[in-house]
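Nothing here was measured: the structure is a model prediction, and the numbers come from that model. Residue numbers begin at 1 in each chain, while the letters A, B, ... track the order of the sequences.
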Amino acid sequence: MAAAGSEASERLRAEVLRLVALIPEGRFTTYGSIAFRLKVNPRRVAWFLARLSPEEAGVLPWHRVVAAEGRISRGMDPALRAEQQELLEAEGLEIDGKGFVLDPDRHFHAIRS
DNA sequence: GGAGAGGCTTACT
DNA sequence: AAGTAAGCCTCTC
């Protein structure tokens, strides 16, 4: 019953996409923030972003979504991390060589309805 | 229809 | 700062 096409799942995916798209340039948010706003587990948000369509990934600033506290988790693929880091740097954000945002509080974007 | 394995996390130590 | 442990969801066979 891998009902990934359920109405609830599809709607939730749209909500996540919408929130991510609302993130201003030069700013970032966390999986936990989006997850908390949608009343779902952080992991589910990450799953949706990971399963995004190439077309949506090209329009959505998924790179502005990082792990808790503006840190990039280590479980992610190195190539993906590098791409995300490069995209964030291109937006004016400063990322540590280890994948840590230098001023998380200054660039943090709280999710709101 | 049911069971098993995996994952872009989080929080704690 | 890094590593480990726990817990929840989705996907695939």
Using whole Å, what does the distance between atom [atom2] of nucleotide [N] and atom [atom1] of [X] come to?
{"X": "A/Asp77", "N": "B/dG7", "atom1": "CG", "atom2": "P", "result": "9 Å"}
{"X": "A/Leu12", "N": "C/dC8", "atom1": "CG", "atom2": "P", "result": "17 Å"}
{"X": "A/Glu10", "N": "C/dC11", "atom1": "CD", "atom2": "C1'", "result": "16 Å"}
{"X": "A/Asp96", "N": "C/dA1", "atom1": "CG", "atom2": "P", "result": "7 Å"}
{"X": "A/Arg81", "N": "B/dT9", "atom1": "CZ", "atom2": "C1'", "result": "15 Å"}
{"X": "A/Phe48", "N": "C/dC8", "atom1": "CZ", "atom2": "C1'", "result": "13 Å"}
{"X": "A/Ile72", "N": "B/dT9", "atom1": "CD1", "atom2": "P", "result": "10 Å"}

Look at the side chain of [X] and decide which nucleotide, out of [options], has an atom nearest to it.
{"X": "A/Asn41", "options": "B/dG6, B/dT10, C/dC8", "value": "C/dC8"}
{"X": "A/Trp47", "options": "B/dG6, B/dA11, C/dA2", "value": "B/dG6"}
{"X": "A/Ser9", "options": "C/dA1, C/dT10, B/dT10", "value": "C/dT10"}
{"X": "A/Arg44", "options": "C/dT10, B/dT10, C/dA2", "value": "C/dT10"}
{"X": "A/Ala67", "options": "C/dA1, B/dG7, B/dT10", "value": "B/dT10"}

Check: What's the verdict on side chain to side chain contact (heavy atoms under 4.5 Å, CB included) for A/Leu102 and A/Asp96, showing C-alpha distance, side-chain angles and the deciding distance?
Finding: CA-CA 6 Å; A/Leu102 296 183; A/Asp96 186 339; 4.0 Å; yes
Next item on the list: May I ask you to say what A/Ala50 touches in the nucleic acid, namely base, sugar-phosphate or nothing, with a heavy-atom cut-off under 4.0 Å?
Entry: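 Base, at least one base atom sits under 4.0 Å.
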Notebook entry, point to check: Does the side chain to side chain contact (heavy atoms under 4.5 Å, CB included) test come out yes or no for A/Met76 and A/Gln84, once each step is laid out?
Noted result: CA-CA 11 Å; A/Met76 247 200 301; A/Gln84 183 174 27; 3.7 Å; yes
Margin query: If you assign A/Gln84 and A/Glu69 each to the DNA chain B nucleotide with the nearest heavy atom, which residue ends up on the more 5' nucleotide?
Written below: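 Looking at DNA chain B, the more 5' nearest nucleotide goes with A/Gln84.
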Notebook entry, point to check: More 5' along DNA chain B: A/Arg71 or A/Leu49, using each one's nearest nucleotide?
Noted result: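 Taking each residue's closest nucleotide, the earlier one in sequence belongs to A/Leu49.
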Next item on the list: Answer yes or no: is there an ion pair linking A/Arg64 with A/Glu91, defined by an N-O contact shorter than 4.0 Å?
Entry: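 Yes, this pair counts.
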Notebook entry, point to check: Would a hydrophobic clustering, with Ile, Leu, Val, Met, Phe, Trp and Tyr connected at side-chain separations under 4.5 Å, put A/Val45 with A/Leu52?
Noted result: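 Yes, because A/Val45 and A/Leu52 connect within a single hydrophobic cluster, where side-chain heavy atoms sit under 4.5 Å apart.
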Check: With a 4.5 Å heavy-atom cut-off, do A/Ser9 and A/Leu12 have their side chains touching?
Finding: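 They are not in contact (no side-chain heavy atoms under 4.5 Å apart), so the answer is no.
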Check: Hey, does the side chain of A/Arg51 come within less than 4.0 Å of C/dT10's phosphate (OP1/OP2), counting only N and O?
Finding: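 Checking C/dT10 against A/Arg51, no side-chain N or O comes under 4.0 Å of OP1 or OP2.
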